[in-house]
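Beneath this line is the structure, given in structure tokens, with notes to follow.
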Amino acid sequence: MDRVDGRQAGPHRTSGERVGDYFQTIVDTEISSADAAPMAARIVEWLVAEGVVGPDRTEPVIGSGPAYPPGPRHRAVVDSSGWSEPWEAGGLEVVTTRAVFDAGQYAEASGADCPHCGRTTELRDEETWDEIPGAWDPFAAAEQAWLADGDAPVRCTHCRAESPLTDWTGMDDAFAYGSLGFTFWGWPDLTPRFLAEFGRRLDRHRTVCIRGKI
Ligand SMILES: [Zn+2]
């Protein structure tokens, strides 16, 4: 994935901005590659039944792939209190292959936390936000291996234990690794209630909601 210098910027929802720039991706970080497509089909079936999205994918106005259009009841699952009317939601894009789901051009993790000892490997200088030379290299190698469907251990520089790349935490504000992702393009923030139900329907797998702008 591209790594662009710059401080991480939070999503903006002021009226002067095109809301279509904003997106949220629900990532299932636990599901296997084999289970991703059948699970996606079940989730879409539920969303269509609830009127959250329409059943037929169309070419997107924004986003990068075919997407399900917003359904008649999509306003029921978002908190649009900070959005100025009229706003128009984009589509729902579903990815069912291993991917790095990131928060857009300012997606930068400051560090990664070892699942074994809990200590943080700093990736960026706190003051200058410059990359710490070499710090990302073991993660980059693991990322490539993981995307190629391989195992992807990363050795902790503190405790020397190896842990799977996908078990490292602390990078969720910037990106997440998973085989199943649902990106809502240009929707106001999904409600906690909807996210909870979404997670329940993902068999209570570990999920991450990435928010960002393109
Ligand atoms: Zn460690």
Side-chain angles (χ1 to χ4, degrees), residues 1-11 23-37 39-40 94-183 189-190 192 195-196 198-214:
M1 66 191 277
D2 290 337
R3 295 186 176 281
V4 182
D5 285 339
R7 284 188 182 276
Q8 184 168 341
F23 64 89
Q24 299 159 84
T25 304
I26 299 171
V27 183
D28 184 328
T29 64
E30 280 190 312
I31 199 160
S32 69
S33 300
D35 291 341
M39 176 66 89
V94 183
V95 171
T96 57
T97 52
R98 283 191 177 189
V100 185
F101 297 94
D102 69 48
Q105 61 179 319
Y106 297 115
E108 294 292 350
S110 60
D113 301 333
C114 170
H116 188 73
C117 72
R119 278 178 283 184
T120 301
T121 296
E122 303 291 345
L123 301 171
R124 291 196 161 255
D125 185 289
E126 258 177 47
E127 296 294 318
T128 65
W129 206 246
D130 289 335
E131 278 182 37
I132 295 171
W136 179 252
D137 291 353
F139 294 91
E143 190 175 283
Q144 291 308 309
W146 183 80
L147 286 170
D149 254 347
D151 292 330
V154 178
R155 186 181 297 282
C156 175
T157 54
H158 300 294
C159 72
R160 309 302 298 166
E162 281 195 340
S163 305
L165 172 67
T166 50
D167 287 354
W168 287 73
T169 58
M171 301 178 280
D172 291 357
D173 284 348
F175 51 86
Y177 301 103
S179 298
L180 178 57
F182 301 86
T183 300
D189 280 342
L190 302 166
L195 289 172
F198 211 112
R200 197 181 68 74
R201 288 176 179 270
L202 289 169
D203 290 346
R204 301 187 191 282
H205 290 161
R206 194 171 61 229
T207 57
V208 173
C209 186
I210 302 273
R211 297 183 168 91
K213 286 187 72 181
I214 52 172

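The figures that follow rest on heavy atoms only: side chains count, while hydrogens, waters and symmetry mates do not. Both ligands and their constituent atoms are indexed starting at 1 by order of listing. Not measured: the values here are computed from a predicted model.
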Evaluate whether atom CG of D151 has more than 12 neighbouring non-hydrogen atoms of other residues, nucleotides or ligands under 6.0 angstrom away.
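Not buried by this count: 12 neighbours or fewer within 6.0 Å.
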With a cut-off of 2.8 Å, how many protein N, O or S atoms neighbour the Zn ion (ligand 1)?
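N, O or S atoms of the protein closer than 2.8 Å: 4.
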With sequence neighbours excluded, what pairs up with F101 under the ring pair (Phe, Tyr, Trp, His ring centres under 6.0 Å) test?
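F101 satisfies ring pair (Phe, Tyr, Trp, His ring centres under 6.0 Å) with no other residue.
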Just by distance, do the side chain of [X] and the backbone of [Y] share a donor-acceptor pair under 3.5 Å?
{"X": "R211", "Y": "Q24", "answer": "no"}
{"X": "R124", "Y": "W129", "answer": "yes"}
{"X": "D203", "Y": "H205", "answer": "no"}

Among L180, L195, L202, which one satisfies side chain to side chain contact (heavy atoms under 4.5 Å, CB included) with T207?
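Single side chain to side chain contact (heavy atoms under 4.5 Å, CB included) partner of T207 among L180, L195, L202: L202.
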